[in-house]
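Presented below is the structure to which this report refers.
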Amino acid sequence: MKKILKTAMVFSLLILSFSACQQQGDVSKMLENEESRNQIYEAIISDNEHSKQLMQAMMEDDHTLMMMKDNGELMSMMMSENENMMGMMKDNPEMTQGMMSSMMNMAESDSSLCTQMMTLMKDKPIVMGQMMDMMYNEGMMDKETMMSNKEKMGIENHPDHH
């Protein structure tokens, strides 16, 4: 998993370095030199705080997310260690929030991605039920509609929640 993260972070650092709008001359020269570029990568990867900052910056950058999305091999490699990825997400709620927020923004601008996300949600009745509960609690859905929708989806209604 560490090798996967290293690869992802190095790839991401490359993306960030090439997509930056304004680069200082010294930084550009350092990145041109393979040895100094690798030293920069290693310095970021080996420092926990720098690694977190890099990951956060990547999650907030739509261009980087799209490039990662387009690199199926990288995404498959990162997600193949699903247990480790889930552990990382649980340990770093800020990263998870950033990823979720970026996914929602992408779905909002991409109808096919939005449809995929809705299909995934539909196939997870517990999550869908929790969302309906939240909508009911926030006054976005009346109780009758919520109960009817849950019944249609085969989601157990728990009257003791309301």
Side-chain angles (χ1 to χ4, degrees), residues 1-21 41 44-45 47-162:
M1 180 64 184
K2 190 172 184 176
K3 184 177 181 182
I4 292 170
L5 288 175
K6 254 186 178 178
T7 303
M9 290 178 73
V10 167
F11 177 75
S12 301
L13 184 60
L14 275 173
I15 292 168
L16 285 174
S17 66
F18 291 119
S19 67
C21 294
Y41 297 158
I44 292 172
I45 291 169
D47 183 278
N48 192 34
E49 191 58 35
H50 290 328
S51 297
K52 285 181 183 179
Q53 290 173 358
L54 175 62
M55 294 297 283
Q56 186 66 36
M58 289 170 32
M59 293 300 116
E60 292 172 358
D61 183 76
D62 290 336
H63 180 71
T64 303
L65 288 173
M66 291 304 286
M67 288 185 75
M68 287 177 66
K69 176 185 156 199
D70 291 342
N71 188 329
E73 184 180 327
L74 173 66
M75 294 306 289
S76 295
M77 191 171 61
M78 287 174 59
M79 299 310 274
S80 67
E81 300 270 342
N82 198 14
E83 287 179 26
N84 290 329
M85 180 60 81
M86 291 297 111
M88 277 182 14
M89 292 175 75
K90 286 180 182 177
D91 293 342
N92 190 341
E94 297 85 19
M95 180 183 78
T96 303
Q97 182 65 34
M99 288 172 64
M100 294 294 286
S101 179
S102 294
M103 284 176 19
M104 295 302 288
N105 290 338
M106 286 175 21
E108 189 173 44
S109 64
D110 181 342
S111 61
S112 65
L113 183 58
C114 188
T115 300
Q116 288 175 343
M117 288 179 72
M118 288 188 302
T119 301
L120 287 170
M121 186 84 119
K122 184 186 76 166
D123 293 341
K124 300 292 182 193
I126 292 171
V127 174
M128 186 63 101
Q130 291 171 342
M131 182 172 281
M132 284 188 235
D133 289 342
M134 180 202 69
M135 292 172 75
Y136 168 74
N137 290 333
E138 293 187 11
M140 298 166 66
M141 180 186 294
D142 63 56
K143 187 170 187 170
E144 185 178 314
T145 302
M146 179 186 69
M147 300 297 264
S148 172
N149 286 339
K150 283 185 170 187
E151 187 176 311
K152 286 177 189 174
M153 292 189 71
I155 301 170
E156 288 189 36
N157 288 307
H158 300 283
D160 55 322
H161 286 314
H162 306 288

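Please read all numbers here as calculations on a predicted model, not as lab measurements. Computation of the quantities below employed the complete heavy-atom set of this structure, encompassing side-chain atoms and omitting hydrogens, waters and symmetry-equivalent molecules.
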Going by the rule side-chain contact (heavy atoms from CB on, under 4.5 Å), which residues pair with Thr145 if we only count those two or more places apart in sequence or in a different chain?
Met141, Asp142, Asn149

Of all residues at least two apart in sequence or in a different chain, which pass the side-chain contact (heavy atoms from CB on, under 4.5 Å) check with Gln53?
Glu49, His50

Crowded around Met100 CE? As in, over 12 foreign heavy atoms under 6.0 Å?
no

Which heavy atom of Ile155 sits nearest to which heavy atom of Gly129, and what is that distance?
CD1-N, 3.7 Å

Do Met134 and Asn137 come within less than 4.5 Å of each other through their side chains, counting heavy atoms only?
no

Could you tell me if the side chain of Met153 sits less than 4.5 Å from the side chain of Met132, heavy atoms only?
yes

Give a yes or no answer on whether the side chain of Ser102 reaches the backbone of Gly98 with a donor-acceptor pair at less than 3.5 Å.
yes

By side chain to side chain donor-acceptor pair (under 3.5 Å), which residues pair with Gln56, not counting sequence neighbours?
Glu60

Side-chain donor-acceptor contacts of residues 112-127 below 3.5 Å, not counting sequence neighbours, with atom names and distances?
unit_1: Ser112; atom_1: OG; unit_2: Asp110; atom_2: OD1; d: 2.8
unit_1: Thr115; atom_1: OG1; unit_2: Ser111; atom_2: O; d: 2.9
unit_1: Thr119; atom_1: OG1; unit_2: Thr115; atom_2: O; d: 2.9

Can you tell me how far the CE atom of Met146 sits from the CE atom of Met140, to the nearest 0.5 Å?
13.5 Å

Rounded to the nearest 0.5 Å, what separates atom OG1 in Thr64 from atom CG in Leu54?
9.0 Å

